[in-house]
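What you see is a predicted model; the values in this text were computed from it and never measured.
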Amino acid sequence: MDETIKQGKGALRLLLATMLAAMLIPWAPRAAWADENEAAAQTQTSEIADLLAAGDYVEGEALVVVDNAASRNSLRSRSVDPLSSAEPLMDASAETYATATGVDVPLEQSVSNGPVLLRSARSLPEDDAVSMVLVRQEGTSTEDLLRQLQDDPRILSAEPNYVQRLDDPDQTESTPQVAAALGLDSSDAAPSAPASADASGTAAADLSGYQWGCRNTGEVMVQEEAPPLAGFDIAPPNWNQVGTTNAADVVAVVDIGVDYNHPDLNGIMCDMTQYTDRGGRYGINVVPGMDPTDPMDDHYHGTHCAGIIASQWDGVGTSGVASGVQLVAVRVAGRQNTIESADTIRAYEYLAEAVDAGLPLRAINNSWAGRTMSKAFSLAATKLGEKGAVTVIGSGNDAADVDKIPMTASVLAHNPYAVAVDASDSSGQLASFSNYGVETTDVVAPGMNIMSTVPLGRAAYAPEADGSPLSYETFESDAPSVTARATPTSSEDIDAVVQGDPFRCEGRSSEDPLFRNAHGRDGAGHQFSKRRGVDGSRSVEPRGRPVRRNERDGHEPEQRQPALPGCDNERRRA
C-alpha cells in the first residue's frame, strides 16, 4: 500500500510540474491578437485596392477561381452562398493553376474542428480541380463583393470583371474631311460595295511593297520624324512568293471579329464545324446578347490583325506573315468596342474544347491587352498552352514601363505559354506609344504604320501611296481639320489616296502629321488614343451595365532607349 501511495504522489508531482511548465509559456495577450487581425485586414484592403485600381471593371461582378474539392466539402463561411448563382466559365487542373499563378492548390484545409483532407497528390492533374466562374451581385459594389469572396475558404482567387477598350467610340468619323480635302464627294470616299474588288480580289493592286514590317527596303516613307531603316523587318521565310507557304496549322484571332468575306481572308478561314457545334462556320461570337454564330468584324481591328497574320500570298492586296495557316475568328468585343474578362475566358474555353476535338491550334492573337491584371486570363492562357497554343498579347499603348506599373503583361511575366510584344516603328525605334519592360515583355515587332486588310466597304487612307499626302492641322482639338498639301492631278492620284478597295491599308500613326486613316482611328491601330489616354475620361456601359472607370495617367513614362538593334531584339525575362 505504501508503494501505491508513493506512486500516486509521484504522478501528482509530475502533473503539477507539467502544469507549472505550461503556465510559464508566454501567452499572447488579446491586444496582440487584435493587432494580427488588424494587419490581416489591412493587407486584404490593400490587395483589393490594387485590384480595383488596375483597370476599368463591371460594377458588382467578379471572376472567381473556386477550389472544387473545398466546395464539395461544403467549406464556406457565410450562410448566403455567393457561388450559388455563379456562371461557369472554365475548368482546369490543379497543376494548371499552379503553373499560371505560382501557388499550389492546397491538399488540406483547416477548419474550426480540425484539418479537412481535400485531395491527394495523385489527383492534381485532374481537369476539374478548379473552376473559373462569374459571380454577380446586383446592388453590391465590386469592392464589397471582393471582400465577401476573399473570406470564403472555397475561393482561391477573386478579381473584378475587367473591361478593355479597343478605341474611343466617341472619336468622330473623318471620312467627310478627307473627301473635302481631296475635292471628292464624301459618299465616294467610302462606298458600301467597292466596285474594285470581286470575290477573287483580282481587280485589286499588289500592296505588298508598302509592308515595311515584312520587308523594309528603306525606300517607303511611312513617317516624317525619321527615315525607314533598311533591313529592320521581320523578313518571313519565302515571304510573298505566290503559291508557296511557310507555315501551317491554325491561329485564333481573339478580337472584335474578322471579315471572313474579305477576298484576302475568305480562303484561309478554318471551318470550325469539323470540331464543334458551338458558334458558326468560321468561329464564334461569345458576347452575350449577340449572335453566337457570327464573328463578323463591324469595326476594323480584328480584320486588320487577321491580314497581318495570314493574308493570302496571291499577288494582290496585302500579304500576311504566315502563308499556309488558317484563321479562327473569335469575337469578344461588344458593340461599344469593349472587351470584358469574362468574355475572354469564354473564348478560351471554346478554343480549348475545339482543340480537344482535334483543332491544330498553335497561337492565339490578343492585340488588345494592356492595363488589367487578370490572373483568370493567365489561367486560361496556361490551359491552352498546355494543349499546344501560345498566347500572344500586345504589351499595351500607354508608353509605360510595365515592370513598374502592373498591367496584363506583368501578370503573364512568368507564364511559359505567353509572349508579350512591344511595338516598333520603321526606323528601328520603339514606337512612341508602346509599353515596354525588361522583365515583363518579350519581343519587339513592327507595330506602327502597318498596312493590312480592313473590312469590306470601309475606306482608309495610305499617305505613303500618295504623292500629295494630307496632314492634320489641329490634331489636339476635338475636331481636327484635314488639308491637302497639294491637289491630286489625276484620277489615279485620287484612287491611290482614298477608295473603298477592301485591300486598302489602314493608316497607323496619329502622332504622325500625315492623316493615316479615313476613319480617324488611333495611330497605333491597336486600341487606344495616345493623346487622351485609355478612356479619354469618358464613361462607358457595355451591355447596359455600369462600368467603374479608373484614371491611372498620373505617372510619367520613362524615357525609352533611342533605338533597337533589330526586330528580333528580345527583352528576356530574368
S395 and side-chain hydrogen bond (donor to acceptor under 3.5 Å, both in side chains): which partner among N435, T441, D422?
D422
Cationic N near anionic O, under 4.0 Å, R278 to E353:
yes
Test item: W368 side-chain N/O and H301 main-chain N/O as donor-acceptor pair under 3.5 Å:
no
Taking all heavy atoms of S319 and all of W313, pick out the closest pair and write down the distance.
CB-CD1, 3.5 Å
Side-chain donor or acceptor of D398 paired with backbone N/O of A400 under 3.5 Å:
no
Are the side chains of C270 and Y275 in touch, meaning some heavy atoms are under 4.5 Å apart?
yes
Output the distance between atom CG (L156) and atom NZ (K375), rounded to the nearest 0.5 Å.
10.0 Å
Test item: S434 side-chain N/O and L430 main-chain N/O as donor-acceptor pair under 3.5 Å:
no
Backbone N or O of L145 within a donor-acceptor pair of the T140 side chain at under 3.5 Å?
no
Would you please indicate if the ring centroids of Y348 and F377 are separated by under 6.0 Å?
yes
Please lay out, stage by stage, how N238 and T244 fare under the test side chain to side chain donor-acceptor pair (under 3.5 Å).
CA-CA 8 Å; N238 306 318; T244 65; 5.7 Å; no
Looking only at atom types and distance, does a side-chain atom of T440 sit under 3.5 Å from a main-chain N or O of A409, one as donor and one as acceptor?
no
Is a donor from one side chain sitting under 3.5 angstrom from an acceptor on the other, for N415 and T382?
yes
Taking the inter-plane angle between the rings of Y282 and Y260 on a 0 to 90° scale, is it parallel (under 30°), tilted (30 to 60°) or perpendicular (over 60°)?
tilted
Would you call D249 and R362 a salt bridge, taking side-chain N to carboxylate O under 4.0 Å as the test?
yes
Between E59 (side chain) and T142 (backbone), is there a donor-acceptor pair under 3.5 Å?
yes
Using atom types as modelled and distance alone, determine if a side-chain donor or acceptor of N216 lies under 3.5 Å from a backbone N or O of D233.
no
If you round to the nearest 0.5 Å, how far is OG of S323 from CD1 of I268?
8.5 Å
Residue that, paired with S341, satisfies side-chain contact (heavy atoms from CB on, under 4.5 Å) out of V58, L134, N161
N161
With the threshold set at 4.0 Å, does a side-chain nitrogen-carboxylate oxygen contact exist between E87 and R346?
yes
Taking only Lys NZ, Arg NE, NH1 and NH2, and the carboxylate oxygens of Asp or Glu, determine whether D298 and R331 approach each other closer than 4.0 Å.
yes
Answer yes or no: is there a side-chain heavy-atom contact under 4.5 Å between T99 and P416?
yes
D255 side chain vs N366 backbone, donor-acceptor pair below 3.5 Å
no
Backbone N or O of I450 within a donor-acceptor pair of the H304 side chain at under 3.5 Å?
yes
Any side-chain to backbone donor/acceptor pair from D67 onto I155? Under 3.5 Å, distance only.
no
So which heavy atom on V325 is nearest to which on A247, and how close?
CG1-CB, 3.5 Å
If you measure from OG on S452 to CG on L265, what distance do you get to the nearest 0.5 Å?
7.5 Å
Sorted by first residue and then second, give each ring pair (Phe, Tyr, Trp, His ring centres under 6.0 Å) pair with at least one member in residues 381-400; sequence neighbours left out.
none
